[in-house]
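So the structure is just underneath, and the comments pick up after that.
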There are 2 protein chains.
Amino acid sequence: MLRLSKLTDYAIVILSFMAKEELQGHTAVEIASVTGIAVPTVSKILKLLVNAKILSSTRGAKGGYALARLSENITIAHVISALEGPIALTECSISQQGCEQASGCSIRGNWNLINQTIHNALASVTLADMVKPAPVPALAWKQEVLIPVASLYR
Amino acid sequence: MLRLSKLTDYAIVILSFMAKEELQGHTAVEIASVTGIAVPTVSKILKLLVNAKILSSTRGAKGGYALARLSENITIAHVISALEGPIALTECSISQQGCEQASGCSIRGNWNLINQTIHNALASVTLADMVKPAPVPALAWKQEVLIPVASLYR
DNA sequence: ATGATTGTGTACCATTATAGTACTATTTAA
DNA sequence: TTAAATAGTACTATAATGGTACACAATCAT
C-alpha cells in the first residue's frame with residue numbers, strides 16, 4: 001500500500017502534540033500517556049528523532065524532549081527519513097549502480113524523477129501545517145463507509 | 001523507506017518490457033525468461049494485473065498476455081494500486097473514521113492532502129514515459145558510491 | 001554525597017507481511 | 001483428444017516490524 005510504518009505514524013502524532021506547545025519540554029512518560037503509545041516504543045521513536053536533530057533532549061531529573069527547531073522548519077520528509085531512512089520507492093533508486101535486470105531497466109532516470117516529485121511533496125508540508133485546523137472535508141468524505149479503527153490496526 | 005514491494009517493482013519491469021511491443025502478446029514463460037524472474041512469481045503478478053484491467057489475457061494454446069490499453073494510458077499509480085491496494089501512507093487515510101488517537105489527530109485532513117499530492121505525482125507518469133530513453137543523469141549521480149546489486153536485494 | 005529521575009544504548013523475541021512455490025482446475029487451438 | 005496456456009487456491013520459509021527488557025549514564029534535589 002505504499003504505506004508508512006506504524007512507528008513513523010506514531011512519530012508524527014507525537015510531534016504534532018509537541019508542536020502545540022513549541023517551547024515546552026515533555027518527558028517520554030508524559031508523551032506516552034497523552035498519545036496512548038507504550039513508553040518503550042515512545043522512547044525508541046524519540047531517540048531516533050533526537051539523532052535526526054529534529055528533537056533536542058536533556059538528561060537527568062527535570063529532563064525531557066523538546067523540538068530542536070520551530071515547527072515550520074520541520075518537514076514531513078525530514079521526519080520520514082529519520083524513521084525509515086532515505087525516501088525512495090525502489091531499492092535501485094538509492095544507489096544508482098542498481099538494476100542489472102537484463103532488458104527492463106533503462107528506467108532509472110525516470111524512477112528518479114518520480115522519487116524526486118514525491119520527495120518534494122513530502123518536503124512541502126511542515127509540522128506546523130499538520131497542526132493547523134484541517135480544511136473542510138471534501139464532499140466525497142461524507143459518503144465513505146465508516147470502519148472501526150480496531151479493524152485497521154488489526 | 002517508503003518503498004514499494006518487490007512484486008510491484010517486478011510488475012513495472014514486466015510492463016515496461018511489454019510496452020516495447022505494445023500490440024504483441026507474450027506468455028508467462030516468455031516474460032519470465034526475458035526478465036529473469038521465476039515463472040510462478042511472474043504468473044502471480046500477471047494475474048493481478050489482469051484483475052486490475054491493466055492486462056488482458058487469452059487462455060489455452062496460443063494464449064498469453066497483452067496490454068489492455070495503450071501504454072500512454074497506464075499510469076504508475078494504477079500499477080501500484082493493482083499490486084498493493086489503495087495508495088495511502090497511513091491506515092487512517094484509507095477509511096476516514098480513522099484515528100481515535102486521544103489528542104493527536106485533528107490531522108486527517110492534512111494527511112489527505114499529502115496522499116493526494118503523492119497520488120497525483122504517481123498518476124502523472126505513464127508506462128510510455130518509463131520506456132522513453134532516460135534523461136541525462138544529473139551531476140550528483142556521478143559522485144555516488146557504487147554498490148553491487150546483490151547486496152541490495154540481500 | 002546520595003538517591004531519584006530521566007534519557008541512551010544494546011540486545012532480544014514474537015508477530016506479521018512478503019516472496020516464493022506447488023498443485024489442481026479450466027480453457028482453447030490443433 | 002491432447003498439449004499449451006491461464007486461473008485459482010493453499011501452503012511454507014524468510015525477513016521485517018513492532019514491541020520489550022535491561023544495564024548504563026547524566027542530572028537535579030535534598
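Letters A, B, ... mirror the listed sequences (proteins, then strands); counts begin at 1.
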Just the rounded figure in Å: distance from P of C:dA14 to NZ of A:Lys6. 18 Å
Got a donor-acceptor pair under 3.5 Å from the side chain of A:Lys47 to the base of C:dG9? yes
Distance in angstrom units between B:Glu30 CD and D:dA4 P, rounded: 16 Å
Looking at A:Thr27, does any N or O in its side chain come under 4.0 Å of the phosphate oxygens OP1/OP2 on C:dT5? no
Looking for any heavy atom pair under 4.0 Å, which part of the strands does A:Leu46 touch: base, sugar-phosphate only, or nothing? nothing
Rounded to whole Å, the NZ-P distance (B:Lys62 to C:dA30) equals 6 Å
Compare the minimum distances between each of C:dT8, C:dA4, C:dA19 and the side chain of A:Ala61, then state the nucleotide with the smallest one. C:dA4
Check whether B:Glu72 reaches the backbone of B:Thr126 with its side chain - one donor and one acceptor, N or O, closer than 3.5 Å. no
Under 3.5 Å: donor-acceptor pair, side chain of A:Glu84, backbone of A:Thr8: no
Using modelled atom types only, decide if a donor and an acceptor are shared between the side chain of A:Glu22 and the backbone of A:Leu70 within a distance under 3.5 Å. no
Report yes if a side-chain nitrogen or oxygen of A:Tyr10 is closer than 4.0 Å to either non-bridging phosphate oxygen (OP1 or OP2) of D:dT17; otherwise report no. no
Output yes when a side-chain donor or acceptor of A:Thr41 lies under 3.5 Å from a complementary backbone atom of A:Ile37, and no otherwise. no
Under 4.0 Å between a side-chain N or O of B:Ser5 and OP1 or OP2 of C:dA19? yes
If each of B:His26 and B:Lys44 is mapped to the nucleotide of DNA chain D with the nearest heavy atom, which maps nearer the 5' terminus, i.e. the 5' end? B:His26
Let's go through A:Ile14 and A:Val34 carefully: what are the C-alpha distance in whole Å and the side-chain angles of both, what is the deciding distance for side-chain contact (heavy atoms from CB on, under 4.5 Å) to 0.1 Å, and is it a yes or a no? CA-CA 9 Å; A:Ile14 291 173; A:Val34 171; over 6 Å; no
Does B:Thr58 reach a base, just sugar-phosphate, or nothing at all? Heavy atoms under 4.0 Å. sugar-phosphate
Checking contacts here: which listed nucleotide (C:dG9, D:dC28, D:dT6) is nearest the side-chain heavy atoms of B:Arg59? D:dT6
Whole-Å distance between C:dG20 P and B:Leu83 CG? 13 Å
Atom CG of A:Asp9 and atom P of D:dT17: how far apart are they, to the nearest Å? 15 Å
Between D:dA7, C:dA19, C:dT21, which one does the side chain of B:Pro40 approach most closely? C:dT21
Relative to the 5' end of DNA chain D, which residue comes earlier, B:Tyr65 or A:Leu7, by the nucleotide with the nearest heavy atom? B:Tyr65
Rounded to whole Å, how long is the line connecting atom CG of B:Leu49 with atom P of D:dT6? 13 Å
Atom pair distance, as rounded to whole Å: CD in B:Glu84 and C1' in C:dA19: 13 Å
Spacing between B:Ile45 atom CD1 and D:dA7 atom P, to the nearest angstrom: 14 Å
